[in-house]
Amino acid sequence: MSAAGTLAQVEGIDALETATLVDLAITGLRFLVAFAVVVMIGRLVLVPLVNRAFDRRELDEHVRNPLLMLTRFGILFVAVAAAFGFAGFENFLVSLAGIAAAGALAVGLAMQNVISNFVAGIFIYADKPFRIGDWIEWDGGDYSGVVEDISFRVTRVRTFDNELLTVPNSALTGGVVKNPVDGDKLRLKFVFGIGYGDDIQQATDIIVEEAKRHPGIMDDPEPAVRLTELNDSDVGLQSRIWISNPSRADFVRTKGEFITAVKQRFDEEGIDIPYPVRTLEGGLELEDRQQVAEAAE
């Protein structure tokens with residue numbers, strides 16, 4: 001091969017390498033431009049729209065942060081996908097999507113409980129069966145306490161013995177949760193047992209009077225008393241009272257003070273609060289007194 005031919009070949013290779021480098025630079029620039037544009041649109045348009053939607057729903061701060069984090073992650077995912085497509089890597093994007101789908105399936109099978117709690121957390125945020133600071137009970141009243149924190153996976157509840165319970169969200173959405181303080185008032189019931197020989201009307205009047213006298217008990221709805229039980233040793237009078245703006249502390253304090261006041265009035269008026277009495281009848285017969293005496297010695 002002549003020197004001229006060799007020189008032409010070298011120049012052709014240089015030109016090819018230059019064109020390849022230019023194409024790579026253009027592709028990289030298109031990728032960066034598409035990525036930057038999508039991210040900018042997401043942050044300047046989508047994030048403020050999401051924030052305004054949160055303001056309309058009056059979401060708490062602990063709810064906003066995880067949702068905003070998911071929104072930003074979604075923007076980055078869309079930006080990467082759009083950048084690959086704009087740069088001409090559609091085949092790579094399809095392969096990446098297949099790999100991501102297979103990985104998501106594997107992760108989903110391995111993390112069923114985590115995903116279940118995550119979905120349950122979304123339902124808690126959407127349905128709002130309770131809020132931070134509410135007193136709740138679940139599992140038939142076996143567990144109760146004040147909600148301290150709600151996350152996407154668990155809810156943290158502080159018991160009235162100052163113990164912290166970390167509860168999976170699925171445990172709170174898969175059963176009945178009682179929220180006594182969700183409304184603006186709460187009805188309390190307590191049964192007072194009086195003797196069969198005591199005056200029912202007098203006891204009823206005392207219970208109503210002490211309820212009306214207590215500042216923490218509402219006049220409307222007014223206190224009420226119903227005869228609900230005829231037990232072996234007493235007559236049961238069920239008192240029904242209402243307290244406003246209930247909390248667990250108000251519930252315990254008001255109920256305790258009310259019961260104490262009624263008990264003191266019953267003692268003053270001579271109304272008995274009987275307790276169960278059991279009478280054992282019969283005798284013990286000894287067949288062989290001599291054997292018993294020998295055993296005692």
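Every heavy atom of this structure was used, including side-chain atoms; hydrogens, water molecules and symmetry mates were not. Because the structure is a prediction, the values reported are computed rather than measured. We're numbering straight along the sequence, starting at 1.
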Counting N and O atoms only, with roles assigned by atom type, does the side chain of Asp198 sit under 3.5 Å from a partner on the main chain of Gly195, one being a donor and the other an acceptor? yes

Exam field: side chain Ser170 to backbone Asn117, donor-acceptor pair closer than 3.5 Å: no

Would you kindly confirm whether Val262 and Trp242 end up in one hydrophobic cluster when ILVMFWY residues are joined by side chain heavy atoms under 4.5 Å apart? no

Tell me whether Val147 shares a hydrophobic cluster with Val176, the cluster being built from Ile, Leu, Val, Met, Phe, Trp, Tyr side chains joined at under 4.5 Å. no

Any side-chain heavy-atom pair from Lys185 and Pro221 closer than 4.5 angstrom? yes

Measure the CG-CG distance between Leu227 and Leu237 for me, rounded to the nearest 0.5 Å. 5.5 Å

Verify same cluster id: Phe192, Val225 (apolar side-chain graph, 4.5 Å): yes

To the nearest 0.5 Å, what is the distance between OG on Ser116 and CG on Asn169? 9.0 Å

Got a second to check how far Met218's CE is from Ile243's CD1, nearest 0.5 Å? 9.5 Å

Might you point out which heavy atoms bring His214 and Thr254 nearest each other, and give the distance in Å? CE1-CG2, 4.0 Å

Under a 4.5 Å cut-off applied to non-hydrogen side-chain atoms, are Glu229 and Val191 in contact? yes

Derivation of the side chain to side chain contact (heavy atoms under 4.5 Å, CB included) call for Tyr196 and Asp234: CA-CA 6 Å; Tyr196 274 89; Asp234 63 54; 5.6 Å; no

Check: Trp138 and Lys178 side chains under 4.5 Å, non-hydrogen atoms: no

Minimum heavy-atom separation for Ile217 and Ala211, please, with both atom names. CB-O, 3.5 Å

Does Asn245 reach the main-chain N or O of Gly183 with its side chain, forming a donor-acceptor pair under 3.5 Å? no

Would you sort out whether Leu49 and Arg52 count as a side chain to side chain contact (heavy atoms under 4.5 Å, CB included), showing the intermediate values? CA-CA 5 Å; Leu49 287 176; Arg52 283 198 291 270; 2.9 Å; yes

Check: Met40 and Arg43 side chains under 4.5 Å, non-hydrogen atoms: no

Evaluate the salt bridge (charged side-chain N to carboxylate O under 4.0 Å, His left out) criterion for residues Glu210 and Arg265: first the C-alpha distance (whole Å), next the side-chain angles of each, then the deciding distance (0.1 Å), finally the verdict. CA-CA 8 Å; Glu210 293 304 321; Arg265 282 290 305 280; 2.8 Å; yes

For the pair Arg156 and Glu148, find out whether any cationic side-chain nitrogen is under 4.0 Å from an anionic carboxylate oxygen. no

State, yes or no, whether a side-chain contact exists between Lys263 and Ile273 at a heavy-atom distance under 4.5 Å. yes

Has the side chain of Asp199 got a donor or acceptor atom that lies under 3.5 Å from a matching backbone atom of Gln201? yes

Asn179 and Asp134: side chain donor to acceptor below 3.5 Å: yes

Considering non-hydrogen atoms only, spot the tightest contact between Phe130 and Val177 and give its length. CD2-CG1, 4.1 Å

Pairwise side-chain contact, Leu76 with Val39, heavy-atom cut-off 4.5 Å (strictly under): yes

May I ask you to check whether over 12 heavy atoms, not counting those of Phe123, lie within 6.0 Å of atom CZ? no

Going only through I, L, V, M, F, W and Y residues with side-chain contacts under 4.5 Å, is there a path from Val154 to Val167? no

When you group the ILVMFWY residues by side-chain heavy-atom contacts below 4.5 Å and let the links chain together, are Leu164 and Val157 in the same group? no

Reported CD1-to-CD1 distance for the pair Ile200 and Ile271, which is rounded to 0.5 angstrom: 10.5 Å

For residues Phe258 and Ile241, determine if any side-chain heavy atom of one lies less than 4.5 Å from a side-chain heavy atom of the other. yes

Reported OG-to-CD1 distance for the pair Ser233 and Ile194, which is rounded to 0.5 angstrom: 12.0 Å

Within this structure, what is the CD-CD1 distance for the pair Gln202 and Ile207, rounded to the nearest 0.5 Å? 11.0 Å

Arg158 side chain reached by Glu163 side chain, heavy atoms, under 4.5 Å: no

For Pro180 and Leu186 the tightest heavy-atom approach is O-CD1, 3.6 Å

